[in-house]
Amino acid sequence: MCALRVPAMAATGFAAQSILRRVVPSFLSSRPTTHVVGDFFSGTNLILRTPLHPSGVGDKNTIEDVKRIVELAKRASLRQEVLHTDFLTPPVLKESMLVLERLADLKTVALGGYPEAERCRLSVGHPEALTNDPDNVAALSISGNFSFQPCSHGDFLGAILGTGIARNKLGDILLQGEKGAHVLVVPELSDFLVSALGKVGNVSVSCKKIPLLALEYEPPRTKSSKSIEASLRLDAVASAGFKVSRTKMASLISNGDVRVNWSTVTKSNTTIKTGDMISVSGEGRLKIGEISSTRKGKFAVELIRYL
């Protein structure tokens with residue numbers, strides 16, 4: 001059930017500071033965009049280069065999140081204890097791991113409740129303290145009669161957030177068809193959610209704790225298609241992928257209902273690239289596959305729709 005582990009390197013706290021200054025600029029030197037952030041181990045500045053979207057989608061939030069996680073790791077290492085993040089989006093998790101894997105006197109473990117988890121919690125600590133996989137993810141089963149009123153991922157998410165739980169306290173939601181869904185959450189809020197969640201959409205539900213080993217997971221179903229586009233603008237590509245008018249998609253974007261790689265985007269002319277994940281409230285998710293140029297100077301875009 002472990003997603004990622006990074007072995008610790010034996011060194012002193014001073015060595016950790018030295019390694020951070022030396023390796024972070026070098027290992028990120030191939031990354032195209034440069035940002036100066038605080039060096040939490042010395043109070044000076046270091047160069048952090050993150051793989052930014054060409055139009056800057058989500059870069060600021062990702063950088064700030066990584067900075068907070070590095071600060072958390074510093075405290076954990078110096079105090080020889082184990083600390084945990086909330087659930088992280090894949091971009092934040094990836095960038096954090098790339099930085100933290102180079103630090104001495106630090107071990108990290110990423111867990112999301114099951115091997116293919118998308119949203120994970122990151123545990124950081126001194127290797128003498130972080131000796132086992134932490135018990136920091138709980139599983140809940142939400143059940144009800146969804147035979148006549150099927151509910152989507154967004155329906156379950158909206159119902160859970162409606163109880164007052166923040167999004168970063170919630171991990172993946174695994175749909176179970178007519179039976180309901182399995183949900184990953186921080187353990188300290190599991191009892192609250194069991195008592196507070198009574199409906200999903202118009203369906204009355206019951207919520208109970210289950211062991212992580214009882215999670216039922218199937219790879220998501222997808223449907224691929226091709227679209228020929230004059231440009232790689234977000235509104236053009238997303239309207240083709242979700243089969244809605246470009247005018248409607250532009251309105252959804254400007255209203256803040258569209259996210260690219262888990263960050264809200266409000267500009268229709270944002271440029272899309274291979275690998276991007278587009279999410280639209282009420283419509284689902286779309287992944288951008290291979291992009292190639294046509295002989296007429298247009299773009300053939302592979303669209304992978306999550307069903």
Side-chain angles (χ1 to χ4, degrees), residues 32-33 35 50-66 87-95 118-119 151-162 165-168 170-173 175 201 220-294 296-307:
T33 307
H35 293 267
T50 57
L52 304 183
H53 191 284
S55 57
V57 173
D59 57 306
K60 183 177 180 181
N61 290 337
T62 298
I63 292 169
E64 291 303 316
D65 286 341
V66 172
F87 285 97
L88 306 175
T89 62
V92 173
L93 178 64
K94 177 182 177 181
E95 290 304 309
E118 189 172 83
R119 296 172 63 87
C151 286
S152 67
H153 180 281
D155 293 325
F156 282 94
L157 176 60
I160 294 169
L161 298 183
I165 291 181
R167 182 66 180 96
N168 58 6
L170 184 65
D172 288 358
I173 298 174
L175 299 181
R221 294 182 300 118
T222 61
K223 181 179 180 180
S224 297
S225 62
K226 286 272 190 177
S227 180
I228 305 299
E229 301 295 332
S231 73
L232 296 177
R233 287 172 54 111
L234 173 60
D235 56 351
V237 175
S239 63
F242 290 103
K243 300 188 184 305
V244 300
S245 71
R246 190 162 173 176
T247 300
K248 179 180 179 181
M249 183 55 63
S251 177
L252 289 169
I253 294 170
S254 62
N255 289 335
D257 292 323
V258 177
R259 293 168 298 282
V260 177
N261 300 330
W262 294 270
S263 294
T264 300
V265 179
T266 57
K267 295 183 179 180
S268 294
N269 63 352
T270 298
T271 301
I272 295 304
K273 68 181 187 305
T274 295
D276 281 348
M277 184 74 74
I278 303 173
S279 305
V280 178
S281 299
E283 298 289 344
R285 298 193 300 172
L286 174 74
K287 186 174 183 179
I288 306 302
E290 183 181 353
I291 300 175
S292 58
S293 298
T294 69
K296 294 185 177 181
K298 294 186 177 182
F299 299 94
V301 184
E302 181 184 16
L303 305 171
I304 305 170
R305 180 80 180 269
Y306 287 79
L307 304 176

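The basis for the numbers below is simple: all heavy atoms, side chains too, and nothing from hydrogens, waters or symmetry mates. These numbers come from a predicted model, not from an experiment.
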message: Looking at Arg259, is its backbone amide N or carbonyl O close enough to the side chain of Thr264 to form a donor-acceptor pair, meaning the two atoms are under 3.5 Å apart?
response: no
- prompt: For the residue pair Thr89 and Arg119, what are the closest heavy atoms and their distance?
  reply: CG2-NH1, 3.8 Å
- request: Please check if the side chain of Asp276 supplies one atom and the backbone of Lys273 the other of a donor-acceptor pair under 3.5 Å.
  value: yes
query: So with a 6.0 Å cut-off around NZ of Lys298, is the heavy-atom count from everything else above 12?
result: no
query: When rounded to the nearest 0.5 angstrom, what is the spacing between CZ in Phe299 and OG in Ser292?
result: 10.0 Å
message: Quick one, Leu232 and Ile291 - any side-chain contact, counting heavy atoms below 4.5 Å?
response: yes
- line: The reported gap from CG in Asn261 to CD1 in Ile272 (rounded to nearest 0.5 angstrom) is 8.0 Å
message: Using a 3.5 Å distance criterion without hydrogens, assess whether the side chain of Arg285 forms a donor-acceptor pair with backbone atoms of Met277.
response: no
task: Measure across Ile165 and Leu161 and return the closest heavy-atom pair with its distance rounded to 0.1 Å.
output: O-CD2, 3.2 Å
- prompt: Closest heavy-atom contact between Ala240 and Ser227?
  reply: CB-OG, 3.5 Å
query: What is the distance from atom CG of Leu234 to atom CD1 of Ile253, rounded to the nearest 0.5 Å?
result: 3.5 Å
- prompt: Is there side-chain contact between Ser224 and Ile304, with heavy atoms separated by less than 4.5 Å?
  reply: yes
query: Got a donor-acceptor contact below 3.5 angstrom from the Arg167 side chain to the Leu170 backbone?
result: yes
field: Gap between atom NZ of Lys296 and atom CD1 of Ile228 - 0.5 Å precision
entry: 10.0 Å
field: Verdict with reasoning, Ser152 to Asp155, per side-chain hydrogen bond (donor to acceptor under 3.5 Å, both in side chains)
entry: CA-CA 5 Å; Ser152 67; Asp155 293 325; 3.2 Å; yes
message: With heavy-atom distances below 4.5 Å as the criterion, would you say the side chains of Arg305 and Ser225 are in contact?
response: no
- prompt: For Leu286 and Tyr306, which heavy atoms make the closest approach, and how far apart are they?
  reply: N-CD1, 4.4 Å
query: Do the side chain of Asn269 and the main chain of Arg233 share a donor and acceptor less than 3.5 angstrom apart?
result: no
- request: Flag the pair Asp65 / Glu95 as yes when at least one side-chain heavy-atom distance between them is below 4.5 Å, and no otherwise.
  value: no
task: Measure the spacing between CD1 of Ile173 and NE2 of His153 and express it to the nearest 0.5 Å.
output: 4.0 Å
Side-chain heavy-atom pair Cys151, Phe156 within 4.5 angstrom cut-off: yes
- prompt: Atom NZ of Lys287 and atom CD1 of Ile278: how far apart are they, to the nearest 0.5 Å?
  reply: 12.0 Å
- request: Might you point out which heavy atoms bring Val92 and Val66 nearest each other, and give the distance in Å?
  value: O-CG2, 4.3 Å
message: I'd like to check Phe242 versus Lys248 (side-chain heavy atoms, cut-off strictly below 4.5 Å). Are they in contact?
response: no
message: Can you give me the closest heavy-atom contact between Met249 and Val244, atom names plus distance?
response: CE-CG2, 3.5 Å
